[in-house]
S.K.: 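One structure is given below, represented as structure tokens, and several questions about it will come after.
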Amino acid sequence: MENEPDQEHLDQNPCARTVEEELSKSFNLEASLSKFSCIDLDKELEFRSDLIDDKEFDIPQVDTPPTLESILNETDDEDESFVLEDPTLLNVDTIDSHSYDTSSVASSDSGDRANLKRKKKLPDSFSLHGSVMRHSLLKGISAQIVSAADKVDAGLPTAIAVSSLIAVGTSHGLALIFGKDQNQALRLCLGSTSVGGQYGAISALSINNDCSRLLCGFAKGQITMWDLASGKLLRSITDAHPPGTAILHIKFTDDPTLAICNDSGGSVFELTFKRVMGVRTCESRCLFSGSKGEVCCIEPLHSKPELKDHPITQFSLLAMASLTKILVIGLKPSLKVWMTFPYGRMDPSSVPLLAWHFVAVNNSVNPMLAFCRGDMVHFLLVKRDESGAIHVTKQKHLHLYYDLINFTWINSRTVVLLDSVERLHVIDRQTQEELETMEISEVQLVYNSSHFKSLATGGNVSQALALVGEKACYQSISSYGGQIFYLGTKSVYVMMLRSWRERMDHLLKQDCLTEALALAWSFHEGKAKAVVGLSGDVSKRKAVVADRMVEILFHYADRALKKCPDQGKIQVMEQHFQDTVPVIVDYCLLLQRKDLLFGQMYDKLSENSVAKGVFLECLEPYILSDKLVGITPQVMKDLIVHFQDKKLLENVEALIVHMDITSLDIQQVVLMCWENRLYDAMIYVYNRGMNEFISPMEKLFKVIAPPLNAGKTLTDEQVVMGNKLLVYISCCLAGRAYPLGDIPEDLVPLVKNQVFEFLIRLHSVEASSEEEVYPYVRTLLHFDTREFLNVLALTFEDFKNDKQAVEYQQRIVDILLKVMVENSDFTPSQVGCLFTFLARQLAKPDNTLFVNRTLFDQVLEFLCSPDDDSRHSERQQVLLELLQAGGIVQFEESRLIRMAEKAEFYQICEFMYEREHQYDKIIDCYLHDPLREEEVFNYIHNILSIPGHSAEEKQSVWQKAMNHMENQLLLFKFLRSLLDPREGVHVNQELLQIPPHITEQFIELLCQFSPDQVIQTLQVLECYRLEETIQITQKYQLHEVTAYLLEKKGDAHGAFLLLLERLQSRLQEMTRQGENTKEDILLKGVEDTMVETIALCQRNSQNLNQQQREALWFPLLEAMMTPQKLSSSAAPPHPHCEALKSLTMQVLNSMAAFIALPSILQRILQDPIYGKGKLGEIQGLILGMLDTFNYEQTLLETTASLLNQDLHWSLCNLRASVSRGLNPKQDYCSICLQQYKRRQEMADEIIVFSCGHLYHSFCLQSKECTLEVEGQTRWACHKCSSSNKASKLSENPSENKKGRITSSQVKMSPLYHQSKGDPPARKANSEPVLDPQQMQAFDQLCRLYRGSSRLALLTELSQNRGGDSCRPFAGPQSGPAFNSVFQKENFQLQLAPPPVAED
């Protein structure tokens, strides 16, 4: 376990820690981290196995692995398949995106690198995980590096290697060895500047496992080995690899006599160190030649001491990354290639990275290789099977949104990534969640670009390797023991994971208490990531974290009270505590520390009354969800008092029914509930507190019984109490607790018996001498008979097999009959409810009740009562159930049928007839039942087609059906269900192919049985002939229907004459009646017929000429005025004279839209009666017509005035626009960008537009900016119309045909000034119509006016009126829809004067 300081103060300044303390903490952490790594593997085996992806893809074992020579002789063509084993292994280009479980840190996009590299906002990982990494500057080492560069000309740092010591190589060939103790003292300075001048800068360093040897690789290719104990030079190797190449990597393996080096030529060599006869030698063997592919990264597998016996270690695995492929080879016992595959297509500037680490997967610890290039990280798990072969399996890969330049394992679950902009990312490997990001640009990281370019040897490297080296920093970052060291140009930084306590303390120092509690809870639940220093079993870890959380909660409570505003509104204080107190309550309950919550925390928060109130209110949701039980009596009492003081009585009731109230004063709580009408809470307290179930019933009965017995209407409050009482009784009889839960099983029988005994009591406890028997049953029946009987019915359902309950049922039924039958206080509907209840109970197959047979007759009398039409279907259904259950044996069948027919219980009749096999009579039942009459045909079909019926029965049914057909009633219903789509039977008429005479037969039947529905039916029917149908309607004297058909036929005049005749007959009938009660009905008939006639005239007037219109309207006017002429000569005026005048005025107003006013007046004056000076009779009609004429004349004059003003204003502005000169913005063509005088030798015209652009005509023609309209060329400005591609040029072809170009930017202007030598300008075409320039000006005026002009409105209105020249406002135009100004979204009437145009 890691030793961490536990007594660190929360408010200590993190920067105040001395360098020595920081280094001591950093370096002393190394030992504990090395121990932790082993513990970490065990923990991962034990607790993290459930997070591992078990879907592994094993690479099949090959029979004959390739040799190194075969690999070296392969070409490096990226297009060539270079896969030794499984071709789908980690080849990004060939992997199906759905084949593997792939996740990403910040993006799930794939394919498009632009999408992968775009900036994405990450979640705020700080609030979730706190500060995961702690970074420190090694001041002692950093100062000495700078000092060495100044004093001994050591040069700048170039490489770093870390073990028990820290080795830093410099650009002048020196290796500085520092201790990792608190002083960071310089232990050794290996090499000299003179040797450095010969060998060049140190380009790579490596320390062996026991920290006894140091290998230095140089920029000019030499290698030296040093003894770190004595500082002696042991070997100087100059021939290990081809000369003239820099050492890029040099790595010790776990075998101290074996090392690997990689040079700038891309080759990899194995160095074997031997000592023979006291002479130290070094043998070199080429593992990979750079001639066929350049390796730029190598990584041998290092095992920790505790894993030295792992079966993989004997192979001494080495991973190599070239520019095109990855190889994993085994150096022992003999050289063997275990895996190879290509990258696929990658960014050539991205840096290949390799990193090994032992991880626990599927209950075993095995090495995992992480390799990445660009923004993709792949994980390969290496395992050895029982046969000794190595298998490589693919794990989830990591898809990033940034390019990597370094990958480091910090432990088996956490990796640290460095991107190309020097931003550090801490990632949890299993969940791929980003835990923290931080900038490390202050480090000023050292890059190894010069060595990859081999500048010290003349730069003799490939361009591909030099491009990769731009961001190479392999030698600048070194990890050891859970620490990562970063080498800067003047400093060395160390980074490590913070312990779990340190992460929490870091949040506390920043006053992030809520985040600290959330982080601590994630530690407690084992859901935190990158956890360090928390070991032991689960219970021990939880206990340690819980103790720390309690300390934070106390600090949080103190801070909440301290920071509470002392002054201001009470709402501000409440808001402050509502933000803080719930956090304390939540975590105390999560930790199951109710003792802390209701003890110290409650006492502390009770010091502030507002905090106390908020605390009590926070408990409510936990109590209501039953997550908080066992509240202390004091808190429970304070809770009820608080809600009671705040008048939150409904909340108090909800809380009480979820609380254990045995520790409260029961009587006080009951009194409080009764006074505040909290009946649910009162019942709960009686039931749970005292196991008393009858007392609440008695208290509620005492309230609702007196008004019911007195015949008074109950108040709303009493109704609520009665409903609760019914529900409470139902719950008790069903074994359920009220208002929620269940009664304890041992109490269920006792409670049922108590409730039954209570209900059937003969008298109440405090009964008076006047009290009637069975008061409780009587009260419930008076309160709500139906619901009480429903409660009993539900109870009877639950107690089918209970012998005692069956006895109670019979007794209850006897009491119900005694109370209701022998008493006249109950209404017939209430008695009916009882009989319905009894019928349902008796109809059950397992019925055990007994009822006197004479009561069945009473039931039958009630159910078949013809005086009561309410609940007809329900009463019929109840009787049917009684009969079907065998109750028919209790009745006399003939009497039953007579009463059923009398009550119109056709289903009962059908039941009885079916028992007697009288199927023909059932047809009458269907026909007379309005709900089932359409099913009669299905019934007939079933009888005739389904086997099981005798021939005589079928014959009787057929004969009955034919009899009804002769009466035509059945035929009518059949045809209506077949032909009328409104009947709900959807029949495909095309498939049916009904001939017209069938439809006409149906229409004739419809005229007989439903004449009022003929017109509506004709509107939906299709297959009928007009002439035959007209004859049918004339036969039955349906004049309105005949007129409809005539109009549909096209004979509008014939239809008019028919309606006119109908109108005249009704007018004559009304005139002859005189004073009679039927005159209102006659007047209504006259008005309806007149409205139909007016509608007919209006529908047809639009398609008629003036003479034909007069032939319709004037007879109608004459018919309406004739009764008035007759009544004017009679002495007593007709009683409906005024009504007739009103109807006549309605006719005049309607015809005024189609007939000219002079014609109407002339026709009236030609009448002999009015022509002889009796105009006083029609004075009102004429004055009304004149008023209408005056109104329309005023409207016409106003419209003409506005139109004239509009036209004058438009023409003035149009004249000013066309006479204004054009001012070009430039003196060059906007297409060829040359001066307009460029083509002096060519007859090139100059086109100038009002927008200021100038073009050569040839240039415009080349851009297709011309349009031929009526043989003339129209021009469009290319630059202005390029945005919308001159889409408006073809919007309205009709306007183009008129010579109008609708684009707002199009102008064609002559060149008014022609200088000497200039080409001639095109002159404006003079013609009577407006040219495009003038149309452009007019369009600008319309836009300035912001709407359609009045001229356009009036023109469209006049065009919409057909051929009526007399009245342009006659009615809507019939015909196809067209583009209307009224349909535009921005259409609005502009009645204000037009705006004044600017000069």
Side-chain angles (χ1 to χ4, degrees), residues 37 41 44 52-53 56-59 61 65 83-86 88-92 95 100 249 251 253-254 260 262 268 287-288 295-304 307 310-322 324-332 336-344 346 350-362 364-374 376-385 389-400 404 406-417 427 429-430 432 474 477 479:
S37 62
L41 295 175
E44 187 165 359
I52 302 301
D53 182 12
E56 300 177 346
F57 300 86
D58 288 342
I59 301 175
Q61 183 67 26
V83 181
L84 177 64
E85 298 168 279
D86 189 353
T88 64
L89 178 64
L90 301 179
N91 188 345
V92 180
I95 289 179
Y100 303 104
H249 302 275
K251 303 278 187 179
T253 64
D254 284 345
I260 309 296
N262 174 208
V268 180
L287 300 180
F288 193 96
V295 172
C296 53
C297 180
I298 60 173
E299 191 66 39
L301 173 62
H302 292 284
S303 60
K304 299 181 183 298
L307 295 173
H310 195 282
I312 291 289
T313 58
Q314 61 179 331
F315 293 97
S316 188
L317 295 181
L318 172 68
M320 299 182 294
S322 73
T324 57
K325 61 180 75 73
I326 296 288
L327 294 93
V328 176
I329 64 175
L331 302 178
K332 295 181 180 180
K336 188 173 184 180
V337 177
W338 290 108
M339 186 196 69
T340 177
F341 64 91
Y343 286 124
M346 289 287 182
S350 58
V351 182
L353 303 171
L354 297 170
W356 290 96
H357 203 280
F358 281 85
V359 298
V361 177
N362 295 339
S364 62
V365 178
N366 288 293
M368 179 176 285
L369 174 65
F371 67 92
C372 44
R373 187 174 185 185
M376 188 74 72
V377 181
H378 295 279
F379 296 97
L380 290 180
L381 186 65
V382 182
K383 297 187 296 185
R384 180 189 178 189
D385 60 11
I390 289 181
H391 289 273
V392 181
T393 58
K394 178 181 179 294
Q395 306 295 301
K396 290 195 301 185
H397 67 265
L398 185 60
H399 201 176
L400 307 169
L404 295 181
N406 180 259
F407 180 100
T408 307
W409 293 88
I410 199 164
N411 59 39
S412 61
R413 296 187 304 275
T414 311
V415 297
V416 179
L417 313 179
I427 307 292
R429 179 184 64 84
Q430 291 171 331
Q432 300 193 354
Y474 296 108
I477 303 172
S479 63

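Since this is a predicted model, take the numbers as computed values, not measurements. Atoms considered below: every heavy atom in the structure, side chains included; atoms not considered: hydrogens, waters and symmetry mates.
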S.K.: Are Phe315 and Leu301 packed together at the side-chain level, in the sense that at least one heavy-atom pair is separated by less than 4.5 angstrom?
M.R.: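 They are not in side-chain contact.
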S.K.: Should Leu398 and Leu417 be marked as a side chain to side chain contact (heavy atoms under 4.5 Å, CB included) after you check the CA-CA gap, both sets of side-chain angles, and the distance that decides it?
M.R.: CA-CA 11 Å; Leu398 185 60; Leu417 313 179; 4.2 Å; yes
S.K.: Do Leu287 and Leu318 have side chains that approach each other closer than 4.5 Å (heavy atoms only, starting at C-beta)?
M.R.: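 SC-SC contact between Leu287 and Leu318 confirmed.
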S.K.: Before giving the answer on side chain to side chain contact (heavy atoms under 4.5 Å, CB included), spell out for Leu317 and Val382 the whole-Å C-alpha distance, their side-chain angles and the decisive distance to 0.1 Å.
M.R.: CA-CA 10 Å; Leu317 295 181; Val382 182; 4.0 Å; yes
S.K.: Indicate the atoms forming the closest heavy-atom contact of Ser322 with Pro352, along with that distance.
M.R.: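 That would be O-CG, 4.2 Å.
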S.K.: Residues two or more places apart in sequence or in another chain: which of them pass ring pair (Phe, Tyr, Trp, His ring centres under 6.0 Å) with Trp409?
M.R.: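 Result, ring pair (Phe, Tyr, Trp, His ring centres under 6.0 Å) vs Trp409: His357, Phe379, Phe407.
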S.K.: Considering only heavy atoms from C-beta outward, does the side chain of Leu381 approach that of Val359 to under 4.5 Å?
M.R.: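 In contact.
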S.K.: What heavy-atom pair brings Cys372 and Leu404 nearest, and what distance separates the two atoms?
M.R.: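 In terms of heavy atoms, the two residues are closest at SG-CD1, 3.9 Å.
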S.K.: For Ser479, what residues pass the side chain to side chain contact (heavy atoms under 4.5 Å, CB included) criterion, not counting sequence neighbours?
M.R.: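 Once residues adjacent in sequence are excluded, the partners of Ser479 under the side chain to side chain contact (heavy atoms under 4.5 Å, CB included) criterion are Thr408, Ile484.
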S.K.: Keeping Arg413 on the side-chain end and Gln430 on the backbone end, is there a donor-acceptor pair under 3.5 Å?
M.R.: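 Pair absent, no side-chain N/O of Arg413 close to backbone of Gln430.
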S.K.: Does the pair Asn366 and His310 meet the rule for a side chain to side chain contact (heavy atoms under 4.5 Å, CB included), with working shown?
M.R.: CA-CA 8 Å; Asn366 288 293; His310 195 282; 3.5 Å; yes
S.K.: Would you find a donor on one side and an acceptor on the other, under 3.5 Å apart, between the side chain of Ser316 and the backbone of Thr313?
M.R.: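 Looks like no, no N/O pair under 3.5 Å.
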S.K.: So which heavy atom on Trp356 is nearest to which on Glu299, and how close?
M.R.: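 Looking at all heavy atoms of both residues, the closest pair is NE1-O, 2.9 Å.
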S.K.: Can you name the residues that form a side chain to side chain donor-acceptor pair (under 3.5 Å) with Ser303, not counting sequence neighbours?
M.R.: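 Listed in chain order: Asp254.
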S.K.: Look up atom NE2 in His249 and atom OH in Tyr474, then write down how far apart they are to the nearest 0.5 Å.
M.R.: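 The OH atom of Tyr474 is 5.5 Å from NE2 of His249, to the nearest 0.5 Å.
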S.K.: For Phe371 and His378, take the angle between the two ring planes, folded into 0 to 90°, and tell me which bin it lands in: parallel under 30, tilted 30 to 60, perpendicular over 60.
M.R.: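 Taking His378 first and then Phe371, their aromatic rings lie parallel (interplane angle under 30°).
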